[in-house]
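Beneath this line is the structure, given in structure tokens, with notes to follow.
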Amino acid sequence: MTGDEYVLDTPVVREFIAGVRATIAAAGSPAEACDAIRPRFATLLADPGWLPARYQEGDPGSGMGGGIGQWLLFRAGDRSLTLFALVVPPGSQTPIHDHLAWGLVGLYRGTQDEEIYAQPEGGALQRVEARALAPGDFYALLPPRDDIHRVRTTSPETSVSLHLLTNDTGCVWRHAFDEGTGRASPFRSGYVNVDCEA
Ligand SMILES: [Fe+2]
């Protein structure tokens, strides 16, 4: 096992991760942990200076299509926690996908529309919620609730969202869904800047 990877190794990131880890260790449940992390996450979303421009650029060779870039910023040695930036160019949207881990997701730059789906009994997808996100907006993912979604950039500028999730989201095999049939296919998004082991 490799150690912790601070791909973006700055005091802001180190302090944020240390705070998150202490909070998770003290929390009695994922929901409680998410609640307790909220102020820290809001502060990170509101700080315009800590995320270098290169992590706010799309990826023409994207594994997700649409020039979408997923930049790893931090990954725990045991792969139980990651912080990454998801960059979605104007007019692009992600596939409908799941995450298979709890955590927080929030918008840093630009605007997005998010559609959330439920899949009762593994059948057809039902769109249960649609919401417009502005910078600073964020929400908790607590699977299976709200774990399946799609995001689309609605701003003329690229959107950047921050994901703090309790798995190695870019490297685990998760699912992309066909909107019409609800059929799930194996999906691994990868990261622009870090390889997944084979
Ligand atoms: Fe997502």
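Quick note: numbers below take in every heavy atom, side chains included, and nothing from hydrogens, waters or symmetry partners.
Between Glu114 and Asp137, every side-chain heavy-atom pair lies at or beyond the 4.5 Å cut-off. At least one side-chain heavy atom of Arg109 sits under 4.5 Å from a side-chain heavy atom of Thr158. Here the side chains of Leu45 and Leu107 are not in contact, with every heavy-atom distance at 4.5 Å or above. Under the 4.5 Å side-chain criterion, counting only non-hydrogen atoms from C-beta, Asn193 is in contact with Tyr55. Pro89 places a side-chain heavy atom less than 4.5 Å from the side chain of Ile68. You'll find the side chain of Leu86 reaches within 4.5 Å of the side chain of Thr94, heavy atoms only. In this structure the side chain of Asp4 never reaches within 4.5 angstrom of the side chain of Leu81, judged on heavy atoms. Two residues are said to be in side-chain contact when any heavy atoms from C-beta on lie closer than 4.5 Å; Glu57 and Val192 fail this criterion.
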Note to self: Pair Arg174, Ser189 - check side-chain hydrogen bond (donor to acceptor under 3.5 Å, both in side chains), show working.
What the structure shows: CA-CA 9 Å; Arg174 43 196 174 119; Ser189 54; 2.7 Å; yes
Next item on the list: List the steps and the verdict of side-chain contact (heavy atoms from CB on, under 4.5 Å) for Ile37 and Ile24.
Entry: CA-CA 8 Å; Ile37 294 167; Ile24 291 174; 4.1 Å; yes
Note to self: For a side-chain contact (heavy atoms from CB on, under 4.5 Å) check, start with the C-alpha distance between Glu5 and Val194, then their side-chain angles and the critical distance, and finish with the verdict.
What the structure shows: CA-CA 10 Å; Glu5 295 166 79; Val194 176; 4.3 Å; yes
Notebook entry, point to check: Checking side-chain contact (heavy atoms from CB on, under 4.5 Å) for the pair Ser161/Val151: CA distance, chi angles, key distance, verdict?
Noted result: CA-CA 10 Å; Ser161 54; Val151 298; 5.9 Å; no
Margin query: Show, in sequence, the C-alpha distance, side-chain angles and deciding distance for Ile96 and Ile148, and conclude whether the side-chain contact (heavy atoms from CB on, under 4.5 Å) test is met.
Written below: CA-CA 7 Å; Ile96 299 174; Ile148 303 176; 3.5 Å; yes
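Of the possible donor and acceptor atoms, one in the side chain of Tyr191 sits under 3.5 Å from a partner among the backbone N and O of Gly170. Formation of a donor-acceptor pair under 3.5 Å by the Gln119 side chain with backbone atoms of Gly182 is found in this model. No donor-acceptor pair closer than 3.5 Å links the side chain of Asp168 to the backbone N or O of Arg79. At distances below 3.5 Å, not a single donor-acceptor pair connects side-chain atoms of Gln126 with backbone N or O atoms of Pro120. Distance alone, capped at 3.5 Å, places no donor-acceptor pair between the Asp146 side chain and the Leu141 backbone. In this structure a side-chain-to-backbone donor-acceptor pair under 3.5 Å is present from Asp78 to Ser80. Put simply, the side chain of Ser159 never gets that close to the backbone of Thr153: no donor and acceptor are under 3.5 Å apart. For Thr23 (side chain) and Gly19 (main-chain N/O), a donor-acceptor pair under 3.5 Å exists by modelled atom type. Judged by distance alone, the side chain of Thr166 and the main-chain N or O of Gly103 form no donor-acceptor pair under 3.5 Å.
The minimum heavy-atom distance between Pro143 and Ala101, with the atom names listed, is CG-O, 3.3 Å. In this structure, Ser92 and Gly66 approach most closely via the heavy-atom pair OG-O, 2.7 Å. Listed here is the closest heavy atom pair of Met64 and Ser62: N-OG, 2.9 Å. Ser155 approaches Gly110 most closely through the heavy-atom pair OG-CA, 3.4 Å. Nearest heavy atom pair, residue Arg75 against residue Cys171, reads NH1-SG, 3.6 Å. Scanning both residues, Ala76 and Arg21, for their nearest heavy atoms gives CB-NH2, 3.3 Å.
Hydrophobic clustering of Ile, Leu, Val, Met, Phe, Trp and Tyr side chains at less than 4.5 Å, counting indirect connections, keeps Val88 apart from Leu51. Residues Val105 and Phe187 do not share a hydrophobic cluster, defined by chaining ILVMFWY side chains whose heavy atoms lie under 4.5 Å apart. A single hydrophobic cluster is seen to contain both Leu83 and Leu104, as judged by linkage of ILVMFWY side chains at heavy-atom distances under 4.5 Å, directly or through other members. Linking Ile, Leu, Val, Met, Phe, Trp and Tyr residues whenever their side-chain heavy atoms come within less than 4.5 Å places Tyr108 and Val12 in a single cluster. Residues Trp102 and Leu44 fall within the same hydrophobic cluster, defined by Ile, Leu, Val, Met, Phe, Trp and Tyr side chains chained together at heavy-atom separations under 4.5 Å.
Rounding to the nearest 0.5 Å places CG of Asp195 at 11.0 Å from CG of Leu72. Once rounded to the nearest 0.5 Å, the distance linking CZ of Phe16 with CG of Leu73 reads 10.0 Å. The distance from atom CD of Glu15 to atom CH2 of Trp50, rounded to the nearest 0.5 Å, is 13.0 Å. How far CG of Leu125 is from OG1 of Thr181: 7.5 Å, rounded to the nearest 0.5 Å. Note that the CG atom of Leu133 and the OH atom of Tyr139 stand 6.0 Å from one another [nearest 0.5 Å].
Heavy-atom neighbours of Arg183 CZ from other residues, nucleotides or ligands within 6.0 Å: at or below the threshold of 12. In Asp9, the CG atom is crowded: over 12 heavy atoms of neighbouring residues, nucleotides or ligands sit closer than 6.0 Å.
For Phe41 and Phe138, the ring centers sit closer than 6.0 Å to each other.
Residues Thr154 and Thr111 bring a donor and an acceptor atom of their side chains to less than 3.5 Å of each other.
Ring geometry for His97 versus His99: interplanar angle over 60°, hence perpendicular rather than tilted (30 to 60°). Between Phe74 and Tyr6, the two ring planes are tilted [angle within 30° to 60°].
Of the residues listed (Arg150, His149, Gln93), the one engaging Glu115 in a side chain to side chain donor-acceptor pair (under 3.5 Å) is Arg150, and it is the only one.
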